[in-house]
Protein chains: 2
Amino acid sequence: MRLVIIGGVAAGLSAASRARRQDASIEILVLEKSERISYAACGLPYFLEGQVRSLDQLRVYTPEFFEKERNIRIRTGAAVAAISHPRREVTLESGERVRYDRLILATGARRPQQDPAAFSIDTWDQTARLSQHLEQAKLRSAAIIGGGYLGLEAAGALRTRGLRVTICEAGSDLLGRQDSWLTAKLVQHLERFRIEVRLDTKQVPAADVTVLAHGLRPNTLLAEGAGIECGRTGAIRVTERMETNLTGVYAAGDCAETTHLVTGRPVWLPLGTTANRTGRVAGACAAGGRNRFPGIVGSSIVRVCGLAVGVTGLSPRQARAENFDPVSVEIEAFEKARYFGGRPCQVQLTADRRSGRLLGAAVLGEDGVSGRIGIAAAALHQRMSAEDFSELDLAYAPPYGTLPDPLMIGARQLLKLLH
Amino acid sequence: MRLVIIGGVAAGLSAASRARRQDASIEILVLEKSERISYAACGLPYFLEGQVRSLDQLRVYTPEFFEKERNIRIRTGAAVAAISHPRREVTLESGERVRYDRLILATGARRPQQDPAAFSIDTWDQTARLSQHLEQAKLRSAAIIGGGYLGLEAAGALRTRGLRVTICEAGSDLLGRQDSWLTAKLVQHLERFRIEVRLDTKQVPAADVTVLAHGLRPNTLLAEGAGIECGRTGAIRVTERMETNLTGVYAAGDCAETTHLVTGRPVWLPLGTTANRTGRVAGACAAGGRNRFPGIVGSSIVRVCGLAVGVTGLSPRQARAENFDPVSVEIEAFEKARYFGGRPCQVQLTADRRSGRLLGAAVLGEDGVSGRIGIAAAALHQRMSAEDFSELDLAYAPPYGTLPDPLMIGARQLLKLLH
């Protein structure tokens with residue numbers, strides 16, 4: 001049995017490793033179009049910023065590691081041109097044909113709008129190119145196209161390097177969250193760092209360097225050519241076992257859609273966390289396991305000029321669009337005891353008026369944001385009511401929090417509006 | 001309607017404030033035996049250590065605040081000698097009688113073993129006394145009696161002040177957790193800071209100063225005299241509405257027992273978090289509300305010489321004692337990306353082999369411990385299975401975590417043992 005995996009970054013390699021654990025005997029081959037596999041793509045902005053000194057620090061495993069330690073064959077520079085499922089084979093751009101029994105697509109996302117003069121931080125190579133450009137030329141200004149998390153990370157990194165930075169976002173919100181409260185807080189914070197934010201604009205200002213961080217789409221070109229169906233999100237439709245409409249062909253990571261556990265509907269949210277998780281399920285199932293991927297609740301966190309911004313579930317506006325009757329609160333509270341240097345953090349909680357169910361959370365602050373988003377995410381996974389959420393037994397000590405916790409202060413305010 | 005509350009620290013004042021919000025018209029009187037109300041008792045070790053410069057920083061609200069802003073009458077220096085429920089009155093030590101319609105006991109915990117030559121950090125006054133003693137005399141060595149969280153905090157504080165410190169614990173475990181893995185990790189850490197730990201000992205070594213941090217018991221003296229029943233834990237037995245066996249008499253905080261949501265059985269765990277929460281429910285119910293306190297899952301966190309140590313739910317040994325069939329894993333993983341200074345943290349997860357249910361977690365590390373304990377606590381509240389727990393959609397970015405999260409690495413290991 002030969003398992004072929006197209007794509008050798010997060011989802012593809014999670015799938016390969018998990019498939020090997022599932023079955024020690026099958027043949028596993030990973031085809032990666034670039035020359036590099038297994039690097040921490042989420043770390044690229046921090047290389048640009050200077051926190052990561054060398055791109056090599058972002059390398060996770062070498063092809064040799066996979067071959068020797070996990071008996072997984074890796075071919076880099078192996079771009080797939082087409083899939084023929086009736087013949088159970090893929091054709092490389094070189095013309096070579098590779099047979100498979102099971103296939104996993106981990107083709108990631110792509111940026112349809114390309115501009116050879118512009119830069120991006122999507123991949124290792126593109127980030128290296130931008131970094132070299134910054135070192136060679138004396139650049140003073142940067143335009144970042146797109147106000148999603150990649151755009152904000154790029155903006156922060158270039159501002160840290162001393163450039164004048166403008167973020168241009170075609171929509172009216174940052175982070176793609178449909179949340180004017182969150183957008184306003186972020187704009188305020190960015191402006192404090194003298195990063196200009198232009199919303200509702202498609203005009204690109206003149207700048208020494210332009211970074212494209214908008215319009216990311218699932219890379220479904222190969223899939224579509226092979227008769228693999230996409231869902232309404234535009235990403236590959238999969239079952240709970242990450243299987244496509246073609247038996248024995250799986251998809252994972254940024255090219256696949258998943259289920260949003262709050263809405264119960266398909267969603268496309270390209271994130272490393274989901275790539276890792278869906279890759280594992282696809283790998284296990286392709287190798288004969290019975291695993292399933294339940295879905296996501298939409299958790300993410302990003303650092304924006306030192307501020308941690310975390311979200312999970314739905315914003316009030318997203319909740320309304322999903323036919324909930326949202327009630328939300330925004331509160332400010334200290335993240336930990338003031339004598340431990342605690343500073344204010346912002347918490348937004350959203351619940352459904354009809355069912356009382358918690359629907360989403362956003363937290364802005366420092367080190368405590370990640371954990372608080374995780375707590376809200378665990379509640380969303382279990383469809384917890386706002387009332388039960390307000391009764392969570394959280395751990396408290398002055399170096400690490402406050403009593404009551406900012407999340408609980410928010411939850412109690414929310415309950416007053418629900419009753 | 002007059003509500004009388006005995007005790008003016010965490011539970012008592014939470015109750016008073018919540019009762020006032022429930023009903024603007026009732027009369028509320030708080031009787032506090034000491035001269036001080038409303039201070040952050042959890043901050044006392046940090047005053048001893050020097051992180052908190054003055055005890056005044058730990059004052060939360062003044063009696064005047066309660067009187068003026070919340071119309072709550074506070075009497076300090078008002079020690080209650082007896083309760084006569086048939087007459088609906090309490091008698092102060094001065095002989096004065098105070099009538100009530102509803103009564104809340106928030107009498108806290110006490111330390112039956114007293115030694116006038118020894119010190120403690122239980123209260124503001126006792127901590128002030130120890131601090132003065134340290135400043136006046138040239139002390140070189142300290143013996144801490146008790147290896148619970150107060151003992152560890154006192155040990156850390158005195159070590160920071162340069163004393164040679166020995167912790168003497170009568171039982172075989174630290175933190176009262178019945179967990180030899182956790183105890184071994186803690187002993188190793190304490191010894192790195194040259195704090196000596198003696199387990200299974202009742203002998204107190206000769207030292208310049210002795211700090212009592214053991215044998216804390218619910219303070220039920222008044223309750224017992226009034227015919228208020230205690231449970232098997234020794235603390236006052238209460239309903240979900242925090243009402244005792246006497247109608248109209250409530251108990252909250254360290255003097256009351258609560259329900260452990262993992263075992264479903266009564267438990268006595270004196271913590272500020274629980275005092276705050278039970279106080280609110282008692283206050284609301286005493287003032288006519290229909291609130292209920294569902295219980296706790298046993299979450300706590302403590303800083304031990306810079307190490308964050310958090311626990312929730314049951315340890316493997318505690319789980320066995322509660323007739324579960326525990327399976328547990330201990331893993332080490334980085335708390336955040338190494339290029340953000342991430343350091344290893346330790347995670348222990350315990351599940352029930354028969355039901356697959358998650359039973360408990362312990363995490364040792366730095367800033368991320370508190371949130372990870374909260375995530376596990378949220379899962380315990382909902383009786384989540386280890387399998388569902390391993391599928392949590394947590395937020396990830398390199399400055400704040402790793403992918404997969406240490407909790408998820410642990411959960412996946414745990415699943416392998418369960419299947």
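As the structure is a prediction and not an experimental result, all values here were calculated from the model. Below, chain A is the first sequence line, B the second, and so on; all start at residue 1.
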On a heavy-atom basis, the closest approach of Pro266(A) and Glu257(A) is CB-OE2, 3.5 Å
Counting only non-hydrogen atoms closer than 4.5 Å, does [X] touch chain B with its backbone (N, CA, C, O), its side chain (CB onward), both, or neither?
X	value
Arg292(A)	backbone
Ser370(A)	side chain
Tyr396(A)	both

Which pairs, with at least one residue in residues 305-314 of chain A and sequence neighbours excluded, count as a salt bridge (charged side-chain N to carboxylate O under 4.0 Å, His left out)? none
Using non-hydrogen atoms only, which part of Arg53(B) is less than 4.5 Å away from chain A: side chain, backbone, both, or neither? neither
Side chain, backbone, both or neither: which part of Leu380(B) has a heavy atom under 4.5 Å from chain A? neither
Under 3.5 Å, side-chain donor or acceptor atoms of residues 301-314 of chain B against the rest of the protein: list the pairs with distances, not counting sequence neighbours.
| unit_1 | atom_1 | unit_2 | atom_2 | d |
| --- | --- | --- | --- | --- |
| Arg303(B) | NH2 | Glu49(B) | OE1 | 3.1 |
| Arg303(B) | NH2 | Glu49(B) | OE2 | 2.7 |
| Thr312(B) | OG1 | Ser299(B) | OG | 2.9 |

Main-chain N/O of [Y] paired to [X] side chain as donor or acceptor, under 3.5 Å:
X	Y	result
Ser131(B)	Thr127(B)	no
His381(B)	Asp393(A)	yes
Thr278(A)	Gly253(A)	yes
Tyr39(B)	Trp124(B)	yes

Taking only distance into account, with no hydrogens and no angle test, what donor-acceptor pairs under 3.5 Å do side-chain atoms of residues 335-342 of chain B form with protein atoms, sequence neighbours excluded?
| unit_1 | atom_1 | unit_2 | atom_2 | d |
| --- | --- | --- | --- | --- |
| Glu335(B) | OE1 | Asp367(B) | N | 3.4 |
| Glu335(B) | OE1 | Gly368(B) | N | 2.9 |
| Glu335(B) | OE2 | Glu366(B) | N | 2.6 |

With side chains defined as the heavy atoms from C-beta onward, is the minimum distance between [X] and [Y] less than 4.5 Å?
X	Y	result
Arg21(A)	Arg280(A)	yes
Tyr61(A)	Leu13(A)	no
Asp254(B)	Thr274(B)	no

Does anything in residues 410-417 of chain A get under 4.5 Å of chain B by heavy atoms, and if so which residues? Arg412(A), Lys416(A)
Out of [options], return the one with the most heavy atom pairs under 4.5 angstrom to chain B.
options	result
Met408(A), Met384(A), Arg277(A)	Arg277(A)
Ala377(A), Gly43(A), Ser14(A)	Gly43(A)
Ile373(A), Val52(A), Leu407(A)	Val52(A)
Leu394(A), Leu261(A), Leu392(A)	Leu392(A)

Identify which of Pro399(B), Ala397(B), Ser300(B) forms the greatest number of heavy-atom pairs closer than 4.5 Å to chain A. Pro399(B)
